[in-house]
Amino acid sequence: RRRGGATSVNLPVTSLVRPSRVRPLSPEGVTAIATQADGQPKTLFTQQFGSVGEDRVGGIAVKGDQIVVAGVESGSAVVRSFSVTPTTVTTDKVTSGGVLTTTITTRTGGVVTDTQSTNFTTGGADNSTSTVFTTGAALAAGAVRNLGTLAGGDISGVAFNGADVIVAGTTGSGALDGGTVTSAYTSGKDAFVAKMTSALTADAADRITYFGGDGDDSATAVTVAGGK
């Protein structure tokens, strides 16, 4: 069973999104965990998905409110997109002129849904603090891109590169549906890198590159830095 994680600095709090295996339901999924006000972890959601065959998650990437999961489903390379709508609670405490004002603001998907304020005379020094915690989140399934059979290969990772998604893996087939081929498949098992838009829809700018020699080759991970 593969495990991996991704941290999104764009979500209201640092949230861990990781692969999960839940049986006897659909065998693969993602689970998101956030830290509560008391410092304890809280599960925000678990999303299960997959085919009737053998499935496994090969990588997860998070950007803003989008989660992209790449894996193998019944032998094919499949990329799935999900959108997250978090509910956050912000607590602002401001002491001014000896009066402490506490304001609690609830937002869902960035939209304010509730605000409550209280005042207390404390006589304390002027000060202000602000904390934000995620109390819940809803996950919605989005686009799905099937690149075709890997012929015994695997998915080793997925990453965002600006508005694009990069998927890396190993395949025994040179017929993956990844767009324009920039370097052809050779023989045996080759490593590959596919570039597609984050919408996961077919686009003229899609590219796929195979690389390797006469024997079996594989990709073990993918990392994007500085647009490369």
Side-chain angles (χ1 to χ4, degrees), residues 1-11 15-21 26-33 45-51 54-84 139-171 173 176-183 189-203 205-211 217-228:
R1 177 171 62 181
R2 291 183 180 273
R3 288 196 176 275
T7 298
S8 170
V9 296
N10 296 319
L11 291 176
S15 301
L16 174 68
V17 182
R18 68 186 185 191
S20 60
R21 185 179 291 268
S26 188
E28 294 297 336
V30 290
T31 298
I33 299 174
F45 56 76
T46 296
Q47 174 72 42
Q48 298 164 269
F49 53 85
S51 67
E54 184 69 22
D55 309 310
R56 56 189 177 274
V57 169
I60 290 179
V62 181
K63 182 180 179 183
D65 61 358
Q66 183 181 12
I67 299 173
V68 171
V69 183
V72 183
E73 299 183 18
S74 293
S76 294
V78 179
V79 189
R80 295 177 178 269
S81 178
F82 301 89
S83 60
V84 181
L139 187 73
V144 179
R145 178 83 178 264
N146 191 325
L147 300 180
T149 180
L150 290 168
D154 205 355
I155 296 296
S156 55
V158 61
F160 280 97
N161 180 26
D164 294 326
V165 169
I166 309 297
V167 179
T170 304
T171 181
S173 168
L176 291 178
D177 184 16
T180 301
V181 177
T182 60
S183 179
K189 284 188 172 64
D190 275 4
F192 75 89
V193 176
K195 177 184 77 71
M196 64 196 74
T197 70
S198 58
L200 303 188
T201 53
D203 189 272
D206 290 351
R207 298 288 184 271
I208 185 166
T209 301
Y210 301 93
F211 51 96
D217 306 281
S218 63
T220 58
V222 58
T223 301
V224 176
K228 299 179 181 180

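V69 is not listed as a side-chain neighbour of V158, based on a closest heavy-atom distance of 4.5 Å or more. At least one side-chain heavy atom of V84 sits less than 4.5 Å from a side-chain heavy atom of I67. The side-chain heavy atoms of F211 and V193, taken from C-beta on, include a pair separated by under 4.5 Å. Looking at N146 and D177, their side chains never come closer than 4.5 Å, going by heavy atoms from C-beta outward. Residues Q47 and R80 have side chains not in contact (no heavy-atom distance under 4.5 Å, counting atoms from C-beta outward). When side chains are defined from C-beta on, F192 does not count as touching T170, because their heavy atoms never get closer than 4.5 Å. Between V78 and V144 the shortest side-chain heavy-atom distance falls below 4.5 Å.
Between A191 and S218 the shortest heavy-atom distance is CB-C, 3.7 Å. Shown here for A141 and F82, the closest heavy-atom pair between the two residues is CA-CD2, 3.6 Å. The two residues G169 and A219 have their closest heavy-atom pair at O-CB, 3.5 Å. When every heavy atom of A221 is checked against every heavy atom of A168, the shortest pair comes out as O-CB, 4.5 Å.
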For a side-chain contact (heavy atoms from CB on, under 4.5 Å) check, start with the C-alpha distance between S74 and D55, then their side-chain angles and the critical distance, and finish with the verdict. CA-CA 6 Å; S74 293; D55 309 310; 4.2 Å; yes
Give the C-alpha distance, both sets of side-chain angles, the deciding distance and a yes or no for side-chain contact (heavy atoms from CB on, under 4.5 Å) between S81 and Q66. CA-CA 7 Å; S81 178; Q66 183 181 12; 2.9 Å; yes
Run the side-chain contact (heavy atoms from CB on, under 4.5 Å) check on L150 and I155 step by step: do they pass? CA-CA 9 Å; L150 290 168; I155 296 296; 4.2 Å; yes
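Atom OG1 of T201 is separated from atom CZ of R145 by 7.5 Å, given to the nearest 0.5 angstrom. Of the inter-residue distances, the one linking D190 atom CG with D217 atom CG reads 5.5 Å to the nearest 0.5 angstrom. For the atom pair R56 CZ and E73 CD, the distance stands at 10.5 Å (nearest 0.5 Å). Here CG of L147 is found 6.5 Å from CD1 of I208. Values are rounded to the nearest 0.5 Å. Rounded to the nearest 0.5 angstrom, T197 OG1 and D206 CG are separated by 6.0 Å. Here I166 contributes atom CD1 and T223 contributes atom OG1; the two are 12.0 Å apart, rounded to the nearest 0.5 Å.
With sequence neighbours left out, the salt bridge (Lys or Arg N to Asp or Glu O under 4.0 Å) criterion links K195 to D164. The side-chain hydrogen bond (donor to acceptor under 3.5 Å, both in side chains) check on T209 picks up T182, with sequence neighbours excluded.
Side chain of S198 to backbone of V165: no donor-acceptor contact under 3.5 angstrom is found. The main-chain N or O of Y210 is found under 3.5 Å from a side-chain atom of S183 such that the two form a donor-acceptor pair.
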